[in-house]
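Here the structure is laid out as structure tokens; the discussion comes afterwards.
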Amino acid sequence: MPEIVTDEVLWAAAATVPDPEMPPLTIADLGILRSVERRGDSVVVTITPTYSGCPAVDMIESGVIDAVVDAGVAVDRIRVERVLAPAWTTDWITDDGRRKLAESGISPPRTLADASGQPGSVSVTLSGRRRQPIGDISCPQCGSKTVTELSRFSSTACKSLYRCESCREPFDHVKEL
Amino acid sequence: MSPLLTYVLRHADDNLIVAQRLGELIASMPDLEEDIAVANVGLDHLGQARHFYDYASELDPDSRDEDQFAMERSEREFLNATLVEQPNGDFAQTQMRQFLLDAYQVPLYEAMTASDDARLAAISAKAVKEARYHLERSSAWVVRLGAGTPVSHEKISQAVEYLWPYAGDLFYADDVEEGLAASGVAVDPATVRPTFDATVADVFASANLSVPDDPYARMGGRTGFHTEHLGHLLPEMQSLYRAHPGATW
Ligand SMILES: [Zn+2]
């Protein structure tokens, strides 16, 4: 592989791949892209699915390969690995990702609290208690916190459907996971 | 088959078969939101099934892949509990089947995250988050139907009566579970039962439903002895694959 292809270039290339279900966001914004590393002659890109049944993983994988090829790596030197552990959590969505969600009219997920009620990063506690989100959901159009859940599931598995009671607009909310 | 492969297939098959049942309902639910919900819950189960089949593939001496496990086995080779193969029936029966499965899968997966088998721990750490979400939703429907109109109460009560013996099959254990539980790999279903019972008691109390006191359980699914319903489900699920084995598009 050409010397010019630095680790930063490789990460930046993989990080441009859009999420097929939420194209304004990249897989890096969503925390799906876990690592890009060199192993010997090869580049190994590690991704993690958002949901067990996420149908977008195959598309993401081919997108990653295309992007790394465009960065100058031969296709037979690229491997994409999928990992399940640690399990993906919405806490991994970056600030940039949250901003892009809101700009697309999608309410970003709230941060999850750990056992002590503080923001935490462990997705499943040993006691098995579900971690609770901190704060309120607000309408991405008008900012109102007077919102009603219409359906636990929406256009994709990772979203639920809400209605704003102030401006009456329906909107998608990314479920805390 | 090794005990671990058997164990993994039992859980893969639970998820595949319920996913197939939920898939039957797509485009025929009473409203759009429920239609999307049933598709998404089914998709979660299908994804969980695929993770278990991937692992089964690595454990299998014949290295069968996920399609071969799903599409080339016959009824006697499926190891799902008989609960999940029960027909959708009416809306109440569909939601009750889901609730009983969710009430079992949440504590099952929670316990499995502590498995000494890193692969099972990883699959279940992902699946438990989905199972909790499913349980919230199915519990809400059980309460709404049970505490709703006389008609909805009657229908959900009939669903309990019909499905309860099959729910017992979820707690079947033989030397597969017992041996693997002793070595810290599997979850002994008996350890899941108290949480299942508590969830059922809690939700049924809010739904004005009574927990059946008949301990009869229709066992057999975990060793391949199914009800007639699986024999109808499989041909529909497998016919395309069997007519065109290995086809891609
Ligand atoms: Zn609004």
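Every chain is numbered from 1 and lettered A, B, ... according to where its sequence line falls, protein lines coming before strand lines. Since the model is a prediction, treat every value here as computed from it, not as a measurement.
- Between A/A85 and B/A122, the shortest heavy-atom contact is CB-CB, 3.6 Å.
- The environment of B/M71 atom CE is dense: over 12 non-hydrogen atoms of other residues, nucleotides or ligands sit within 6.0 angstrom.
- Counting only distance, with no hydrogens or angles, the side chain of B/K126 and the backbone of A/T50 share a donor-acceptor pair below 3.5 Å.
- Separating the CD1 atom in B/I36 from the OG atom in A/S160 is a distance of 12.0 Å, to the nearest 0.5 Å.
- No more than 12 heavy atoms of other residues, nucleotides or ligands lie within 6.0 Å of NZ in B/K155, so this atom counts as exposed by the packing criterion.
- Of the residues listed (B/H134, B/E34, B/R137), the one engaging A/R152 in a side chain to side chain contact (heavy atoms under 4.5 Å, CB included) is B/R137, and it is the only one.
- In summary, the aromatic rings of A/F153 and B/Y133 are positioned with their centroids under 6.0 Å apart.
- Here the side chains of B/E33 and A/S154 are not in contact, with every heavy-atom distance at 4.5 Å or above.
- Heavy-atom neighbours of chain A within the stretch residues 45-54 of chain B, taken at a separation under 4.5 angstrom, comprise B/G47, B/Q48, B/H51.
- Counting heavy atoms from C-beta on, the side chains of B/K129 and A/T89 come closer than 4.5 Å.
- Within a 6.0 Å radius of CD in B/E236, no more than 12 heavy atoms belonging to other residues, nucleotides or ligands are found.
- Within residues 10-32 of chain B, no residue has any heavy atom less than 4.5 Å from a heavy atom of chain A.
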